[in-house]
2 protein chains.
Amino acid sequence: MDIVTRIEEIILLAVLQLGSRAYGVPIREHVQAMLGHRVSIGAIYVPLDRLVRKGLLTSFEAEPTAERGGRRKRYYKLSSEGLDALRALQDLHERLWRDVPQPLGAG
Amino acid sequence: MDIVTRIEEIILLAVLQLGSRAYGVPIREHVQAMLGHRVSIGAIYVPLDRLVRKGLLTSFEAEPTAERGGRRKRYYKLSSEGLDALRALQDLHERLWRDVPQPLGAG
DNA sequence: TATTTGTTCTATTATCTAGAATATATCTGG
DNA sequence: CCAGATATATTCTAGATAATAGAACAAATA
């Protein structure tokens, strides 16, 4: 299992934290809140799709709800490989930053 | 200032931790030690060069030493922008992982 | 049919990765 | 002392992969 990219990390965490509400639109909003700036639609769905292809996420289409129009949602969920990838990231981060002061002092 | 990629993060940290010994070869070795696997030459020098172009690192050629042959080394150092980028990464990581248990439990 | 919600598609740009090519220094034999 | 031989290190280049933007499309209700 390869190391995930930054945006993949952020998206995996968004899916984890949104739990049963994890579909495209709120995932994007969550990512935007995390980053503090706007993110394009493609910048979410392209890596989302790749994470599914790689087996770190699973996805399924939900039945339409009676809220107010709109296409049906595609929900996402972490697979056990996805969880493993996040754990691997925790480990790597710990190794990388172990000896770095927090916060980082002046040059 | 954009958010740095994973390999850029690892290289910035390697330069930080190597201090005055930060040139290509030991940077590569340090990265390999962090990751626990081999990394190609290009996988180091290409992002290193980009980090210089972006102003996160500075670099200068050293005089040849009298150790045993070899081309002169090119040393790298974090600029204040590079330090800022690392601080921004600490912040982002804190925001991203704040509510995630460590270690991450089962699915 | 208009409106709303949401996803898919596609093209461009940027980044990653591998390793061959190149550069430049000291060492060694005659 | 000079011509390879050897060692150390970086630069270059090309193909693969990933990021990003937003237009196009789909499907539901009003």
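Quick caveat: nothing in here was measured; it's all calculated off a predicted structure. Convention: sequence-line order gives letters A, B, ...; per-chain numbering from 1.
OP1 and OP2 of dT15(C) both lie 4.0 Å or more from every side-chain N or O belonging to Arg6(A).
Ion pair Asp49(B)/Arg53(B) flagged as a salt bridge, since at least one NZ, NE, NH1 or NH2 atom sits closer than 4.0 Å to an Asp/Glu carboxylate oxygen.
Of the candidate nucleotides dT20(D), dT11(D), dA26(D), dA26(D) has the atom lying nearest to any side-chain atom of Arg71(A). Side-chain proximity of Ser40(B) to dT17(C), dT20(D), dT11(D): nearest is dT17(C). When distances are taken from the side chain of Tyr76(A) to each of dA21(D), dT8(C), dT15(C), the shortest belongs to dT8(C). Listed nucleotides: dA23(C), dT17(C), dG6(C). Nearest to the side chain of Ala43(B): dT17(C).
Of all non-hydrogen atoms in Arg21(B) and Pro26(B), the two that sit nearest each other are O-CG, 3.5 Å.
Nearer to the 5' terminus of DNA chain C, by closest-nucleotide assignment, is the contact made by Lys73(A) (compared with the other of Lys73(A) and Asp2(A)). Heavy-atom nearest nucleotides on DNA chain D were determined for Gly42(A) and for Arg72(A), and the one closer to the 5' end corresponds to Gly42(A).
Using a 4.0 Å heavy-atom criterion, one finds that Ile41(B) contacts the bases of the nucleic acid, with or without backbone contacts as well.
Residues passing the side chain to side chain donor-acceptor pair (under 3.5 Å) test with Arg98(B), sequence neighbours excluded: Glu94(B).
A heavy-atom distance below 4.5 Å is not found between the side chains of Ser59(A) and Lys77(A).
Atoms CG and CG, on Leu86(B) and Leu12(B) in that order, are 5.0 Å from each other to the nearest 0.5 Å. Rounded to the nearest 0.5 angstrom, Leu89(A) CG and Glu9(A) CD are separated by 4.5 Å.
Of the residues in residues 13-31 of chain A, those lying under 4.0 Å from DNA chain C by heavy-atom distance are Tyr23(A), Gly24(A), Val25(A).
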